[in-house]
Amino acid sequence: MNKYVAFVILLMISVLIGSNVFLSFVVAPVLFSNFDKIAAGSIMQLIFPYYFKINWILGIVIYTIIGVLSFKDKEIVKSLKWFLVSIGAIVILNMAQDRSLLPMAQSIQKNQYVQALEEKQNEKAKVLYSQFSTVHKVSSFVNITTMILEIFLLYNFLSFLKFSRNKL
């Protein structure tokens with residue numbers, strides 16, 4: 001594998017990990033500790049569509065690069081089998097977040113929960129908050145899963161590079 005191609009793949013994996021860690025452990029805590037839940041949630045809902053799209057697009061680009069490299073070197077797919085499975089899972093999980101979990105959360109928070117609060121419908125607001133909490137828990141679990149997969153990607157790719165160092 002060309003060292004420049006390896007660098008680009010490592011850079012993209014690093015962006016995946018860095019954006020996940022930064023959003024999860026810096027942006028979200030800062031927003032929720034400095035703004036009320038509704039304002040912080042609204043800001044996060046502005047960020048999430050870009051975050052999820054960038055992640056699944058990067059995953060597809062990495063997958064495509066490996067696919068193109070496999071035309072020249074058939075062994076690369078065998079060597080990176082679990083890497084490819086993991087990148088595929090990351091793409092699918094980010095698409096699921098982008099296309100299903102995020103719209104559900106937005107619908108509950110923006111359209112229903114805020115309106116119930118404004119109309120002083122406390123029981124309805126509690127039910128909607130419970131629904132939102134369920135979606136949020138699933139989304140958080142998916143996010144942690146993708147973070148673990150991203151770390152595995154980095155480890156797996158670095159191991160591959162170390163093993164095939166003489167080809168660079």
Side-chain angles (χ1 to χ4, degrees), residues 6-66 82-159 161:
F7 173 77
V8 168
I9 292 171
L10 280 174
L11 182 64
M12 287 189 278
I13 294 169
S14 299
V15 168
L16 286 171
I17 295 170
S19 65
N20 195 334
V21 169
F22 186 70
L23 193 68
S24 300
F25 298 112
V26 177
V27 175
V30 167
L31 286 176
F32 282 94
S33 64
N34 289 293
F35 297 98
D36 64 84
K37 286 181 185 179
I38 294 172
S42 295
I43 294 168
M44 291 301 292
Q45 287 182 11
L46 293 172
I47 296 169
F48 279 140
Y50 299 101
Y51 167 70
F52 295 135
K53 282 176 182 61
I54 288 168
N55 285 351
W56 61 262
I57 289 169
L58 281 175
I60 289 171
V61 170
I62 294 169
Y63 205 87
T64 303
I65 290 170
I66 301 296
W82 291 110
F83 178 89
L84 293 170
V85 169
S86 298
I87 200 73
I90 287 171
V91 169
I92 290 167
L93 291 172
N94 278 288
M95 282 182 168
Q97 293 260 59
D98 184 39
R99 298 292 180 201
S100 92
L101 291 173
L102 181 61
M104 277 190 262
Q106 287 174 328
S107 174
I108 293 168
Q109 187 201 13
K110 276 187 181 175
N111 303 338
Q112 299 169 25
Y113 177 70
V114 174
Q115 183 180 5
L117 286 177
E118 290 172 352
E119 295 173 359
K120 307 280 189 235
Q121 298 174 342
N122 294 336
E123 289 303 314
K124 182 178 179 183
K126 282 183 183 179
V127 170
L128 291 167
Y129 186 77
S130 174
Q131 291 173 351
F132 177 80
S133 291
T134 301
V135 172
H136 183 265
K137 286 175 189 170
V138 171
S139 180
S140 295
F141 175 77
V142 170
N143 193 53
I144 289 170
T145 302
T146 58
M147 191 180 302
I148 291 167
L149 287 170
E150 290 161 356
I151 292 167
F152 174 76
L153 282 179
L154 181 62
Y155 173 78
N156 192 276
F157 195 70
L158 288 174
S159 296
L161 291 177

Partners meeting side-chain contact (heavy atoms from CB on, under 4.5 Å) with Val127 (sequence neighbours left out) | Gln131
Return a table of donor-acceptor pairs under 3.5 angstrom between the side chains of residues 150-159 and protein atoms on other chains or two or more places apart.
| residue | atom | partner | partner atom | Å |
| --- | --- | --- | --- | --- |
| Glu150 | OE1 | Asn20 | ND2 | 3.2 |
| Ser159 | OG | Tyr155 | O | 2.9 |

Straight-line distance of Leu58 CG to Leu16 CG, nearest 0.5 Å = 5.0 Å
Identify, with sequence neighbours excluded, every residue that meets salt bridge (Lys or Arg N to Asp or Glu O under 4.0 Å) alongside Lys53.
-> Asp98
Do you know the tightest heavy-atom contact between Gln45 and Ala105?
-> NE2-O, 3.9 Å
Atom CG in Leu31, atom CD1 in Ile47: separation rounded to 0.5 Å?
-> 6.0 Å
What pairs meet the ring pair (Phe, Tyr, Trp, His ring centres under 6.0 Å) rule with one or both residues in residues 123-145, with sequence neighbours excluded?
-> Tyr113-Tyr129
For side chain to side chain contact (heavy atoms under 4.5 Å, CB included), just list the numbers for Leu161 and Leu10, CA-CA rounded to whole Å, side-chain angles, deciding distance to a tenth of an Å, and then say yes or no.
-> CA-CA 10 Å; Leu161 291 177; Leu10 280 174; 3.8 Å; yes
side-chain contact (heavy atoms from CB on, under 4.5 Å) involving Asp36 - partner list, sequence neighbours excluded = Ile38, Ala39
State the CG-CD1 distance between Asn94 and Ile57, to the nearest 0.5 angstrom.
-> 10.5 Å
Calculate, to the nearest 0.5 Å, the distance between atoms CZ and CD1 belonging to Phe32 and Ile43 respectively.
-> 8.5 Å
Can you pull the ring pair (Phe, Tyr, Trp, His ring centres under 6.0 Å) pairs that have at least one residue in residues 39-61, sequence neighbours excluded?
-> Phe48-Phe52
Would you indicate whether the side-chain heavy atoms of Leu93 and Leu149 approach each other to under 4.5 Å?
-> yes
For the side chain of Ser33 and the backbone of Pro29, is there at least one donor-acceptor N/O pair under 3.5 Å apart?
-> yes
Could you please spell out the steps behind the side-chain hydrogen bond (donor to acceptor under 3.5 Å, both in side chains) verdict for Asn55 and Thr146?
-> CA-CA 10 Å; Asn55 285 351; Thr146 58; over 6 Å; no
Would Met95 and Ile92 satisfy side chain to side chain contact (heavy atoms under 4.5 Å, CB included), going step by step from the backbone distance to the final call?
-> CA-CA 5 Å; Met95 282 182 168; Ile92 290 167; 5.7 Å; no
Has the side chain of Ser86 got a donor or acceptor atom that lies under 3.5 Å from a matching backbone atom of Trp82?
-> yes
Approximate separation, where rounding is to 0.5 Å, of Ile62 CD1 and Ile90 CD1 | 7.5 Å
Once you round to the nearest 0.5 Å, how far does CG of Asn143 lie from OG of Ser24?
-> 4.0 Å
